[in-house]
S.K.: 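My structure is below; once you've seen it, I'll send some questions.
For the single chain, residues carry numbers from 1 onward in sequence order. Worth saying up front: this structure is predicted, and the values here are computed from it rather than measured.
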Amino acid sequence: MTMPAYNSFELYKGDTLRFSLTLQTSGSAYSIPSGTEFSGAVKKKGSATATAEFDTSVTSASAGKVLFTLSSTNSTLLDANKNWVYDVQMMNSSSVVTTLMTGNIFVTDEVTL
């Protein structure tokens, strides 16, 4: 079993967070099949409910590239100095869910309002 990648982010409240993943299998680009869906969410550690969700888009199916975006509107929902966790997942056409990446998001209050 392959464990998801771990990566943490630092984010200023109200800023947009974007990152791209390039999926691979056996060292080669994973061609994303039609019907594959991607999702991602952020929640306070220990909470059962997500506070914010990532927008997702496949930028190159043949090269296995997916863009995840936490909008500035969604990042304003995250209070500074809380312990935020996230994960991003892929669900294939057979409804098999694979967690691709997980980690913490450290939020700092913005200075400019």
Side-chain angles (χ1 to χ4, degrees):
M1 178 169 124
T2 302
M3 297 300 292
Y6 178 86
N7 191 48
S8 292
F9 295 101
E10 292 186 21
L11 173 69
Y12 276 90
K13 185 173 182 167
D15 284 3
T16 299
L17 171 64
R18 278 192 184 99
F19 60 90
S20 181
L21 294 182
T22 301
L23 307 179
Q24 295 187 338
T25 182
S26 301
S28 299
Y30 174 76
S31 184
I32 299 169
S34 178
T36 302
E37 297 179 10
F38 294 89
S39 62
V42 181
K43 70 177 189 173
K44 191 170 18 172
K45 187 172 185 177
S47 174
T49 309
T51 301
E53 294 186 9
F54 287 91
D55 295 320
T56 63
S57 61
V58 174
T59 56
S60 176
S62 63
K65 294 184 183 278
V66 183
L67 178 65
F68 293 89
T69 304
L70 184 67
S71 70
S72 59
T73 302
N74 275 326
S75 82
T76 61
L77 302 173
L78 307 179
D79 294 328
N81 302 316
K82 302 272 180 169
N83 193 353
W84 297 101
V85 293
Y86 78 94
D87 67 17
V88 294
Q89 298 180 328
M90 172 178 72
M91 184 171 68
N92 70 16
S93 59
S94 300
S95 298
V96 174
V97 175
T98 302
T99 300
L100 302 172
M101 192 162 74
T102 186
N104 295 292
I105 298 179
F106 302 101
V107 179
T108 301
D109 273 330
E110 61 186 332
V111 176
T112 307
L113 301 176

S.K.: Are Leu100 and Phe54 connected, step by step, through hydrophobic side chains (Ile, Leu, Val, Met, Phe, Trp, Tyr) whose heavy atoms are closer than 4.5 Å?
M.R.: yes
S.K.: Do the non-hydrogen side-chain atoms of Phe68 and Leu17 ever get within less than 4.5 Å of each other?
M.R.: no
S.K.: Just verifying a value: how many Å separate Leu70 CG and Thr16 OG1, rounded to the nearest 0.5 Å?
M.R.: 8.0 Å
S.K.: Could you check whether any side-chain heavy atom of Thr108 comes within less than 4.5 Å of a side-chain heavy atom of Glu10, counting everything from C-beta outward?
M.R.: no
S.K.: With the side chain counted from C-beta on, respond yes when Phe38 and Ile32 share a heavy-atom pair under 4.5 Å apart, and no when they do not.
M.R.: yes
S.K.: Is it true that a side-chain atom of Ser57 and a backbone atom of Thr59 form a donor plus acceptor pair closer than 3.5 Å?
M.R.: no
S.K.: Using residues 19-30 as the side-chain source, report each donor-acceptor pair under 3.5 Å to any protein atom, sequence neighbours left out, with the distance given to one decimal.
M.R.:
residue, atom, partner, partner atom, Å
Ser20, OG, Val66, O, 3.4
Thr22, OG1, Lys65, NZ, 3.4

S.K.: Between Ser31 and Ser62, which heavy-atom pair has the shortest distance, and what is it?
M.R.: OG-CA, 3.9 Å
S.K.: Do Val42 and Thr51 have side chains that get closer than 4.5 Å, going by heavy atoms?
M.R.: no
S.K.: Please examine the side chains of Lys44 and Trp84, heavy atoms only from C-beta on, and report whether any two atoms are closer than 4.5 Å.
M.R.: yes
S.K.: From Thr69 OG1 over to Asn74 CG, what is the distance, rounded to the nearest 0.5 angstrom?
M.R.: 10.5 Å
S.K.: Measure the spacing between OG of Ser34 and CG of Asn92 and express it to the nearest 0.5 Å.
M.R.: 12.0 Å
S.K.: Going from CZ on Phe106 to CG on Asn83, what distance comes out if it is rounded to the nearest 0.5 angstrom?
M.R.: 7.0 Å
S.K.: Without swapping roles, check the side chain of Asn104 against the backbone of Ser8 for a donor-acceptor pair under 3.5 Å.
M.R.: no
S.K.: Say whether, by atom type as modelled, one donor and one acceptor occur between the side chain of Ser75 and the main chain of Asp15 under 3.5 angstrom.
M.R.: yes
S.K.: Under a single-linkage definition using a 4.5 Å side-chain heavy-atom cutoff for Ile, Leu, Val, Met, Phe, Trp and Tyr, are Leu11 and Tyr86 assigned to the same hydrophobic cluster?
M.R.: yes
S.K.: Flag yes if more than 12 heavy atoms outside Phe9 fall under 6.0 Å of its CZ atom; otherwise flag no.
M.R.: yes
S.K.: Could you check if a side-chain atom of Val85 sits within less than 4.5 angstrom of a side-chain atom of Thr102, using non-hydrogen atoms only?
M.R.: no
S.K.: Under a 4.5 Å cut-off applied to non-hydrogen side-chain atoms, are Lys13 and Asp79 in contact?
M.R.: yes
S.K.: Starting from Val88, can I reach Val58 by hopping between I/L/V/M/F/W/Y residues whose side chains sit under 4.5 Å apart?
M.R.: yes
S.K.: Between Pro4 and Met101, which heavy-atom pair has the shortest distance, and what is it?
M.R.: CB-N, 4.0 Å
